[in-house]
Every structure is written in C-alpha cells, then in structure tokens.
Number of protein chains: 2
Amino acid sequence: MATVSRALRDLPNVAPSTRERVQRVAQQLDYVANPSAASLAVGRTGSIAAVVPMLDSWYFAKAVAGIEAVLKESNFDLLLYAVTNERERLQFVTGRTDWLRRSDGLIMFDIRLSDDESKRLEANGAKIVTIGTCSPSFPSLMLDEVTATRAAVDHLVAKGHRRIGVITGDAEDLGYRVPILRLEGFRQGLEAVGIEQDPELEIPGGFSTEGGREAMADLLKLDDPPTAVFAMSDEMAFGALDQMRSQGLCAPDDIAVVGFDDNDVSELFGLTTVRQDVDTIGATAARMILASLGNSGSDEPERVLSKTSLIIRRTA
Amino acid sequence: MATVSRALRDLPNVAPSTRERVQRVAQQLDYVANPSAASLAVGRTGSIAAVVPMLDSWYFAKAVAGIEAVLKESNFDLLLYAVTNERERLQFVTGRTDWLRRSDGLIMFDIRLSDDESKRLEANGAKIVTIGTCSPSFPSLMLDEVTATRAAVDHLVAKGHRRIGVITGDAEDLGYRVPILRLEGFRQGLEAVGIEQDPELEIPGGFSTEGGREAMADLLKLDDPPTAVFAMSDEMAFGALDQMRSQGLCAPDDIAVVGFDDNDVSELFGLTTVRQDVDTIGATAARMILASLGNSGSDEPERVLSKTSLIIRRTA
DNA sequence: TTGTAGGCGTTATCAG
DNA sequence: CTGATAACGCCTACAA
C-alpha cells in the first residue's frame, strides 16, 4: 500500500519499473485516491473556499473566475458559498462553519467580520483573506473606496452639479463595508464643497440592474430631482440609464450618471465610471491565500491596495 | 463518542438532557465535525460539483447562482470547476477525476462527453446531470437550441434580410454542443428559404463582449458585409453593437442584430434576442441532481426541455 | 526499495 | 439510552 501511495503521488524511493506498473494498473482500474481519506490523513483538504455576497453580478463572477484560474494551476479545488443576508452571514461565521474543515483557506468578499468573530475564527485555525473589508487578524485586499468614490463625485461637482443622487447597496443594511465606504466617499465629496447632503437622494439599488432601474424611478419622482447620479455599480447605472430612457430622458443632458466597476459593456453605454481592476483582484486574492497557507500567520497581516481610476466617457 | 455523534446530528435515542449538555459543550469549544472524516465513514461528501466552460459570463454566473441557492437549502456545498479548453476537458473527464469522490454529484454545463466517456464515468459511480448537452447515461436539461435559433433567423429573414452573419462560439472548436446546435439552427433557417450560406459570414466571438466587438469588425471589413447579424450570446451582441457604434453605424438601420440569452441589460440596448429562462435552469439542475442521488439511476435518464422565446425589441 | 502498523475523526453496529 | 469497537481509505513513520 505504501508503495502504491508513493508511486501514485510521484514521491521518491520507488523503483521506476514498480512506479510504471502501479500507474498502469491504476489507470486501468480508473483508480483515484479518495480525497476524504487523504484529507483525514494529512490534515489538508486541497481546496480553497470563497464567499461572496452575491454570485450573479459582473464583479463577483469575474473575481471568482480569477480565483479559479489561479487555484487550478496549484491543483486546488474551489468551494463557493454565497452569503446574501445577515442570517446567512451569522450562520456562515458562527454556525455551520463547515468550510473551516472542508477547505484550507477562505477568500471572503466584502462580508462583515467583527473583531470578535475574527479572533474566534483565527483561534480555530482559519486562514482567511478578506477582500473589500479588513480585519485585524487576516491579510486583506482592498480598494481605497473613499478616494475612488470621491473621484467620481468631484468630477460631477466640477461639472457644476450641486444636487447629486446616489444609488447605494442593499435596502436592508447588511453592514457590508464596501457600500458604506462608498457612501462615505460620496458624502465627503459633497461636504468638501459645502453641499448639504439630502437623505432623500440616497436610494438603495441592491447592486442589480433592476434595482438601479427602480432607484432611478424613485429619484425622478422627487419634487426636486437630482441633476446627477452616482451609482455604486455599473449594473445599477445601466438600470438607471434604462429608466431614464424609458421616460425620454438622456444622460448627461437631463441627468449625468457615473457608475463604479467599468463593466465589459460600460464602454458601449458611454458610461463614465470608476474602474477597478477586477481581473487581477481575484487572482491576487488566490495567490495571497495560497501564500498564507505556508507561513504560520503570526506576523502582521499583509494589506494590499488595488488601484482605481476614473474613466470619463459620455454620461457625465 | 457515539452518543456525542448522535446528539450533534439530532439523531434519536439520546436523552434530552444529554443532548443538551453535548450541544452546549460543543458550542463552547467551537466544535465542528470534520467533514472529511464523516465522508470517509458514510461514503457521502455532502457537496455537489458544477463544471462550466467559463465563469465570467452572464449566463453561467446566473446559473451557478441558481444552483447555489438550491444547494444551500439542502445543506450541500458547491464545488466549482471551469473547463475552458480541450486539454482541461480531458483532464477533468479522464485525468484527475478528483471531483468524483469529492462530490456526490456533478452538474455539467455544455461540456462534451463522448458516449465512451459517459459509460466510463457511469461505471465509476458518477452521478451527473448535463445541461446543454445530453448523454445516454445521465439525466439532462436542455433547450431546443435549433428551434430557438431558427426563431431568430426566421425573424431576420422575414424582415427581408438575405445576407446574414453569425457570431459563433470559440475559435478553436472545442466541440461544445450549444454553439454547434445554434449554428445548425442558423443554417437550417437560411436553407429553408434557399439562401446559400457563406462561410465568410461565420465568425467566432468566444462568447465575450470583446470577441463580439472583433467579430463585428471583421464582418464590416468584408467586401460584401451582411445586412443582419445573429450573435450566439447577448454579450457578443453588445460587443458587436459597440463596434458598429464606433464606426458610426446603427442597428437596425445599417445592420440588424439579434442576440441570445436576454441578459439583464439587453432591454436597455433594445436588443432583440432569444430569451432563455436562466433563473430556473440552475435551480432545476440542482434539484435534478439532488433527486438523482436517491434513486439507483438504473431507470431511463430524465430529459427536461427548457422554454425559449423570441423577444423583439429595436435592433431587429 | 518495499512492506507493516498505527492513526487521522467520524459513523454504525452491537452489547451492556 | 449509552458506550465500546470495528470499519472508512489513505499517509507516514519505521522495520525489513
């Protein structure tokens, strides 16, 4: 048995002839080692988990694709979880923490983690890389959301807009960091030029096209609608633009629109937007988690900042 | 040990007081059963795998989201694999068939499976549901791709188009069924009205926006460009439209465009397209695989057909 | 270079 | 209702 195990895993100390024979027979029998048994024996699973707040959005699909590509190179499998509301978040973080033993490491996208929860997980041996949020215990990969958003707002302000709406994240406040930080950037941008923020102009859009559509509809119903709108994702911006179109309005003439992401189709819409480098974000996160498997994790967790840039097109 | 095991899994034959004590202590210790050990013991893993040809496309992101949602209800985890070329396909199907023991079942999207390979996998105890393709051994969920595509082509023909281009799947022929079937529907549509198909008008677009852009550019360079174009996905249609726009052309006046999918933003583009019910496809597949875990699989594999419909908007 | 034995953490069986 | 005990299939010493 030991020899077979070694032969199959290309370990040394096996006679070439034996190795060849073993591999041939294994092939004939379609033999594949049972990963559960192997995990049990070695204490590693050979898979990495990723948690996202939603799967069907351009950003997360792209990011997960980047992760998968890197993991494949290292022969790691990918476990995917979606945590879409607070109940699921709690369940994931403090309840059925199955993933803790099912995977060797976790990539956590923009999901809130209190310091307590962080410590708890760390104590239980969790290896985590957070994206969008940061935790005291784990390495993280972030954007400077506030600055990125300010670029968008400053641009609108420079164009002379004083009454600016914002289409935010989800309706129920899940405490996701990213929308919160973007909102902060938005508010800062207004404050900087002495514009008083009007709560009426902050409408949730759930990060979906449909949500963006509805949010813009609400904005247009206002007695004093905004002359410009910042949407926290391009997908919501698309929805907003569609709503405008269906009411015969046009960007930027009637209302200027700025998005966030630089989606594949944003160029087609001529959407002015804040570009983030999604392609590399997933890959980088995957490399970070793989790297963190090696070291003990006792050193100061790494902080990586990904770049953003304002892409000015036609809608603002 | 046995009692603890029973208590934690809510099995009968445990005194209420004992159960409560066990659960309390488990909670205090952050104890979570090791899934590898459990898998080894019971022979089931509690996870389902999904393989897709690409992750960063609207269709697959949506479909995977649907799968995840259903699996979560049944406490199954999701393993995600991408198989993007023939090398990876072979590796996945005949090489490192790790997933076979790592998961209890596999949902396979539009990935070729020869009859031999099917039999082989079946013999090795694989539980599979195929989407987009069908295999003699496994249940499958499909569209009537040919008919769906014909609807698009017939529409263009009815509008008087005689010279129709098509933006197909990938350049390297991976043998993926869906693009092949759609191409067949396309050709049938032309034949039906006696139009001779011109190979020059069949350009690969790799199912990406960028690919669609390039494909349309090629089409426009032709001595005798088409007056209408059918793209096998909305994303490619978006790219095509963008290319037209950048050359000052407009749909449908200069070239009519029809897509396939009915993407979230297609309405905004006014894209005429073949709608498929992506939302339910993933969920249905997940239910099918879960159902197939129960029965022996000896009976005739189930065939489910999902509906499509032509949505006529402005581009054609 | 090969083979033997113990253990990884569960679950299931069976005796108390 | 509870507690021993033998799998589950593999890996890692260590012995041959």
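Below, chains carry the letters A, B, ... as their sequence lines are ordered, and counting in each starts from 1.
Of all nucleotides in DNA chain C having an atom under 4.0 Å from a heavy atom of chain A, the first and last in 5' to 3' order are C:dT1 to C:dG9.
For the pair B:L100 CG and D:dG9 C1', the interatomic distance rounds to 16 Å; values are reported in whole Å.
Residues meeting the salt bridge (Lys or Arg N to Asp or Glu O under 4.0 Å) test with B:E302, sequence neighbours left out: none. Residues satisfying the side-chain contact (heavy atoms from CB on, under 4.5 Å) test with B:S118, not counting sequence neighbours, are B:L113, B:S135, B:P136, B:S137, B:F138. Scored by the salt bridge (Lys or Arg N to Asp or Glu O under 4.0 Å) test, A:D98 finds A:R96, A:R102 as partners (sequence neighbours excluded). Annotation: side-chain contact (heavy atoms from CB on, under 4.5 Å) contacts of A:A82 (sequence neighbours excluded): A:L55, A:T84, B:E68, B:K72. Checked against salt bridge (Lys or Arg N to Asp or Glu O under 4.0 Å), A:R87 has no partners two or more places apart in sequence or in another chain.
Taking a cutoff of 4.0 Å between a charged side-chain nitrogen and a carboxylate oxygen, B:R112 and B:E117 do not qualify as a salt bridge. A salt bridge links B:E86 with B:R89: at least one charged nitrogen is closer than 4.0 Å to a carboxylate oxygen.
Nucleic acid contact class of B:A15 (heavy atoms, under 4.0 Å, all strands): sugar-phosphate only.
Of the residues in residues 35-49 of chain A, those lying under 4.0 Å from DNA chain C by heavy-atom distance are A:L40, A:A41. Residues of residues 23-34 of chain A that place a heavy atom closer than 4.0 Å to DNA chain C do not occur. Taken residue by residue, residues 4-13 of chain A places heavy atoms nearer than 4.0 Å to DNA chain D at A:S5, A:R9.
Taking CD1 from B:I131 and CG from B:L141, the interatomic distance works out to 5.0 Å, rounded to the nearest 0.5 Å. A distance of 12.5 Å separates CD1 of B:I289 from OG of B:S74, quoted to the nearest 0.5 Å.
Applying the ring-ring contact (aromatic ring centres under 6.0 Å, His included) rule to pairs touching residues 35-70 of chain A yields A:F60-A:F109, sequence neighbours excluded. Residue pairs satisfying the ring-ring contact (aromatic ring centres under 6.0 Å, His included) criterion with at least one member in residues 71-101 of chain B, sequence neighbours excluded, are listed as follows: B:Y81-B:F92, B:F92-B:W99.
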Without placing hydrogens or testing angles, list every side-chain donor-acceptor pair under 3.5 Å for residues 29-40 of chain B, not counting sequence neighbours.
residue, atom, partner, partner atom, Å
B:D30, OD1, A:R120, NE, 3.3
B:D30, OD2, A:R120, NE, 2.8
B:D30, OD2, A:N124, ND2, 3.2
B:N34, OD1, B:S36, N, 2.7
B:N34, OD1, B:A37, N, 3.2
B:S39, OG, B:P35, O, 2.7
B:S39, OG, B:R44, O, 3.4

